[in-house]
Amino acid sequence: MILDKIIELALEEDLSLGDITSDAIFAPQDKALAAITAKEDLVLCGLPTAKEVFAAVDPDVTFTPLANEGDAVKKGQRVLEVQGRVVSILKAERTALNFMQRLSGIATAAREYAAIGQKYGVLIVDTRKTQPGMRRLDKYAVRIGGARNHRMTLADSVMIKDNHIAAAGSITKAVQKVKAVIGHTPKIEVETTSLAEVQEALQVGADIIMLDNMTPDEIVRCKQAVAGRAILEVSGGVNRENLETYCKTSVDVISMGALTHSVPAKDLSLKIVKYL
């Protein structure tokens, strides 16, 4: 299972040579209750992953969520408790928090961005600009936040981008080559950078046309030219500050690398509550 591999690698970074501090201070039988608390407002994400981290370190550690995945939690709110061997809790602490902080950051941004898109009937989706090795978790957090996923892998759908077009010779040639191989059922998306390219993609039968790095005014002109004959996706240069401006163009989809490639982690901390 992919999650098991991710957790195994993450724990190996911290624990491959042991924990000389915790092992020196605590006896194996020493036990404690610890709690993870939100240090800022956030959308909680990563509880199942954190549970698996603690279980991988020590299956005898009990894991008790105090909030649900996807909940909007407030600063100072306790989100989960763990109880068991002190050394086990401390060995799992950083890895569990790293997952929860990153995933909660993504989920929080996704919740905000999706709400903006919803006002204008625009679907907000992610991209493949994810942390290497973490794509399934990053995209999971996007869904928890309320936004949607674009393709997970290169095999999920046809997307003809600038380098495909340059190597094939034109949009038309690239689409024709794809159609000759994949058959009639998969949708074909084509990346475009101008109205002329949009018209070429439309003429050759693209199902989805990506408007790459276009201004809102250019997008409106392209939307008028397409007139509903293809799904329009905006991508490139969209961020929190300009998202609403792009949503006002009423395109079908906006894909945002900013959902995953540069979202700040949210602040959560683990503290020992009492020794048992």
Yes or no on side-chain contact (heavy atoms from CB on, under 4.5 Å) for Lys187 and Ile231, after CA distance, side-chain angles and deciding distance? CA-CA 10 Å; Lys187 289 184 177 181; Ile231 295 170; 4.0 Å; yes
Under 3.5 Å donor-acceptor, [X] side chain and [Y] backbone:
X      : Y      : answer
Glu218 : Thr215 : yes
Arg135 : Met152 : yes
Lys139 : Thr127 : yes
Ser104 : Lys266 : no
Asp30  : Val86  : no
Asn239 : Glu241 : yes
Asp207 : Ile188 : yes
Thr95  : Leu11  : no
Gln83  : Leu33  : no
Lys179 : Val204 : yes

If you define the side chain from C-beta out and look only at heavy atoms, does anything of [X] sit under 4.5 Å from [Y]?
X      : Y      : value
His150 : Met159 : yes
Ile254 : Val125 : no
Leu202 : Arg229 : yes
Lys248 : Tyr120 : yes
Val190 : Lys161 : no
Thr192 : Met210 : no
Gln176 : Ile171 : no
Gln101 : Asp267 : yes

Could you tell me the separation between the [atom1] atom of [X] and the [atom2] atom of [Y], rounded to the nearest 0.5 Å?
X      : Y      : atom1 : atom2 : result
Glu8   : Glu13  : CD    : CD    : 12.0 Å
Arg128 : Arg151 : CZ    : CZ    : 5.0 Å
Cys247 : Ile116 : SG    : CD1   : 7.0 Å
Met214 : Leu232 : CE    : CG    : 9.0 Å
Leu195 : Lys223 : CG    : NZ    : 14.0 Å
Phe26  : Ile89  : CZ    : CD1   : 10.0 Å

Write down the atom of [X], the atom of [Y], and the distance for their closest heavy-atom approach.
X      : Y      : result
Thr172 : Glu200 : OG1-OE2, 2.7 Å
Leu3   : Glu52  : CD2-CG, 4.3 Å
Ala34  : Leu270 : CB-CD2, 3.9 Å
Leu103 : Gly46  : CD1-CA, 3.8 Å
Glu69  : Pro48  : OE2-CD, 3.3 Å
Ala32  : Tyr275 : CB-CD2, 3.9 Å

Does a side chain donor of either [X] or [Y] reach within less than 3.5 Å of an acceptor in the other side chain?
X      : Y      : result
Tyr113 : Glu244 : no
Asp58  : Ser88  : yes
Asn98  : Arg94  : yes
Glu233 : Ser255 : yes

Are [Y] and [X] co-members of a hydrophobic cluster defined by side-chain heavy atoms under 4.5 Å apart?
X      : Y      : result
Ile144 : Ile124 : no
Leu80  : Val273 : no
Val61  : Phe63  : yes
Leu97  : Val53  : no
Ile7   : Val57  : yes

Candidate pair Glu197 and Thr193, rule side chain to side chain donor-acceptor pair (under 3.5 Å), full reasoning: CA-CA 7 Å; Glu197 290 182 350; Thr193 58; 2.9 Å; yes
Using the salt bridge (Lys or Arg N to Asp or Glu O under 4.0 Å) rule, pick out the option among Asp23, Asp19, Asp14 that qualifies with Lys91.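 One option only clears the test, and that one is Asp23.
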Has [X] got more than 12 heavy atoms of other residues, nucleotides or ligands less than 6.0 Å from its [atom1]?
X      : atom1 : answer
Gln131 : CD    : yes
Gln118 : CD    : no
Gln29  : CD    : yes

Evaluate side-chain contact (heavy atoms from CB on, under 4.5 Å) for Thr21 paired with Ile25, printing each intermediate quantity in order. CA-CA 6 Å; Thr21 308; Ile25 296 173; 4.0 Å; yes
Kindly indicate, with the supporting measurements, whether the criterion side-chain contact (heavy atoms from CB on, under 4.5 Å) is fulfilled by Val253 and Val234. CA-CA 6 Å; Val253 180; Val234 166; over 6 Å; no
Go through the steps for Arg85 and Asp60 under the test salt bridge (charged side-chain N to carboxylate O under 4.0 Å, His left out), then give the verdict. CA-CA 8 Å; Arg85 297 180 182 90; Asp60 291 329; 3.5 Å; yes
Lys74 and Glu40 ion-paired at < 4.0 Å: no
Test: Asp126 and Arg148 ion pair at under 4.0 Å: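 Judged by the 4.0 Å cut-off on N to carboxylate O distance, Asp126 and Arg148 do not form a salt bridge.
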Residue pair Met256, Leu243: steps toward the side-chain contact (heavy atoms from CB on, under 4.5 Å) verdict: CA-CA 9 Å; Met256 299 180 64; Leu243 174 59; 3.8 Å; yes
